[in-house]
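Notes for the one structure printed next.
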2 protein chains.
Amino acid sequence: MPHQHLIKRLLAVSSLSEAEQRALVRLPYAVRNLADGETVVHQGERPRGCTVLMRGFLSRQRVISERNQISAFYVPGDVPDLHCLHLPTMDHDLCSTGPSIIASVSHGELRQVLRDFPGLTYALWGETVVQAAIYREWVENLGARAALPRVAHLLCELSTRLQKVGMAENGKMLLPFTQADLADACGLSTVHINRTIQELRRRRLIDWQGQTLELLQRAELEFIAEFDEEYLH
Amino acid sequence: MPHQHLIKRLLAVSSLSEAEQRALVRLPYAVRNLADGETVVHQGERPRGCTVLMRGFLSRQRVISERNQISAFYVPGDVPDLHCLHLPTMDHDLCSTGPSIIASVSHGELRQVLRDFPGLTYALWGETVVQAAIYREWVENLGARAALPRVAHLLCELSTRLQKVGMAENGKMLLPFTQADLADACGLSTVHINRTIQELRRRRLIDWQGQTLELLQRAELEFIAEFDEEYLH
DNA sequence: CGTTCGATTGACAATGATCAACCCTTGTGG
DNA sequence: CCACAAGGGTTGATCATTGTCAATCGAACG
């Protein structure tokens, strides 16, 4: 199993023995480079391994009533298709947003290690628990918040998750997302996302030029978004 | 661990040995009756056990920007706070909708059994995986669908889940939900939910009187909602 | 230099929210 | 037994947030 952040996070939730950590680290994997927009797994496929995102961003998406709806963003250390150990078919597309690098760990070998080291099963279950908490937040975000706080909440979440894996500092990060991506994630039109971002800029809450996003007044932004990072641990 | 449906479902995903099943069945639990509207677990609490819903309905809710947003409904056999094994604090209220009966299984004893029978850990992880899939569907429902298909999708989901636990037949079921509950789950106002339900009635897609809901033209309803029960197994 | 992609803008339309009643049923206390 | 209150459902009128359409602009790129 690759990636330090994944292992670090597994350690944070559950505590792993030396042997367990070693077994995890020794799991073989295949690395693959992805170009912007490339699809890792297609809806309907039955992947033979789990994907660990090592670098860059992935998004989970599917077309719902003629709209492309993004239901999750993944950052390095995430395992977007971990659930395929239990439910074999992917019911979404998994796409690279910007260039990225993934590692694939065979289901068979992973299952074997999980049988040998039950503590690892528990730890990976914890990963699913965290992802579920994020989905819940998205449900609330889409169901209850108006455009401005909704976008603000997403940006806060991204910033926090990126910070945890060392890809953001002081709310400053490199994001390959287009406004259309944000729109797909927030359930808004690109036009309205554009206006919402402009409003966030006007209020000096964010600075977003090219691929560089900076959250300027974190406290104020979190207040508007009712953001509480608790759910991300 | 109580409840046949939970055990049946665990068996459906993972296969459990005789010993594992016995260990599960023998877990002690405390039963509790809940009145309509009663709260099982409050936001911020750190429950000492997992809740297994035995009868009735629970909903997970929280106030987001002055709106009560429901992020999940639970039916008998579900374990709404299973994730608290990993993340100790509940960040939502868990409320009974209509009268219900729950069983509480101590975290300590559950953990012990999971240590003794790793196959059970894997099986319960599967439960979390399914719940996560439901959240994803809700994200898509709230993000991408207009009011009518959104409500239709929720009703299809409920019907399918209830059918699996023997609480619905031919799309006919007993639901204790008010229109306000639906509104909170769908991110719509009660007024608009009311009009949407009337439209569903007018098109002879549902018959809903008192607590009895019947889905009249399942195929047509699923078509409108783009509902595919795959994600529920 | 033309093409494409993403960002931006304006005009207009529409879905759904809000406000304010009103009705009906049910339950409760005098 | 009746009066009243409360909760849930229903309706109409009006408002506004957000979507749609269409066009423009600028940068990047072959």
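So that the names make sense, note that chain A is the first sequence line, chain B the second, and so on, each numbered from 1.
OP1 or OP2 of C:dA7 has not a single side-chain nitrogen or oxygen of A:Gln198 nearer than 4.0 Å. Look at B:Gln179 and you'll find a side-chain N or O under 4.0 angstrom from OP1 or OP2 of D:dT10. For the pair A:Arg150 and D:dT17, the criterion of a side-chain N or O lying under 4.0 Å from OP1 or OP2 is not met. Using a 4.0 Å cut-off, some side-chain N or O of B:Arg201 falls inside it from OP1 or OP2 of D:dT10.
Note: B:Phe57 and B:Phe177 have perpendicular aromatic rings, judged against thresholds of 30 and 60 degrees for the angle between ring planes. Classification of the A:Phe227-A:His153 ring pair by plane angle, with boundaries at 30° and 60°, yields perpendicular.
Atom P of nucleotide D:dG12 and atom CZ of B:Arg195 are separated by 8 Å, given to the nearest angstrom. The CZ-P distance, from A:Phe177 to C:dA7, rounds to 13 Å in whole Å. Here D:dG8 presents its C1' atom at 11 Å from CG of B:Asp181, a figure rounded to the nearest Å. One atom, CG of B:Asn194, and another, P of C:dG16, lie 15 Å apart when rounded to the nearest Å. Summarising the geometry, the separation between CD on A:Glu199 and C1' on D:dA16 is reported as 15 Å, rounded to the nearest angstrom. Between the CD atom of A:Gln211 and the P atom of D:dA27 there is a distance of 16 Å, given to the nearest Å. Remark: P of D:dT10 and CH2 of B:Trp208 are 10 Å apart, rounded to the nearest angstrom. Atom pair A:Ile193:CD1 and C:dG6:P shows a separation of 15 Å (rounding to whole Å applied).
Using a cut-off of 4.0 Å between Lys/Arg side-chain N and Asp/Glu carboxylate O, B:Glu169 and B:Lys172 are scored as not salt-bridged. Salt bridge annotation for B:Arg32-B:Glu38: present, with a cationic side-chain nitrogen under 4.0 angstrom from a carboxylate oxygen.
Among the nucleotides D:dT20, D:dG9, D:dT18, the one closest to any side-chain atom of B:Thr178 is D:dG9. With distances taken from any side-chain atom of B:Leu188 to the nucleotides C:dA17, C:dT9, C:dA7, the minimum falls on C:dA17. In the set C:dG16, C:dT18, D:dT20, C:dG16 carries the atom at the smallest distance from any side-chain atom of B:His192.
If you check every strand for non-hydrogen atoms under 4.0 Å, A:Ser189 touches a base. Within the 4.0 angstrom heavy-atom criterion, only backbone atoms of the sugar-phosphate kind lie near A:Gly187; the bases stay farther away.
Screening B:Asn170, B:Leu205, B:Asp207 for a side-chain contact (heavy atoms from CB on, under 4.5 Å) involving B:Leu216 leaves a single residue, B:Asp207.
The residue among A:Ala146 and A:Val191 whose nearest nucleotide of DNA chain D is located toward the 5' end is A:Ala146.
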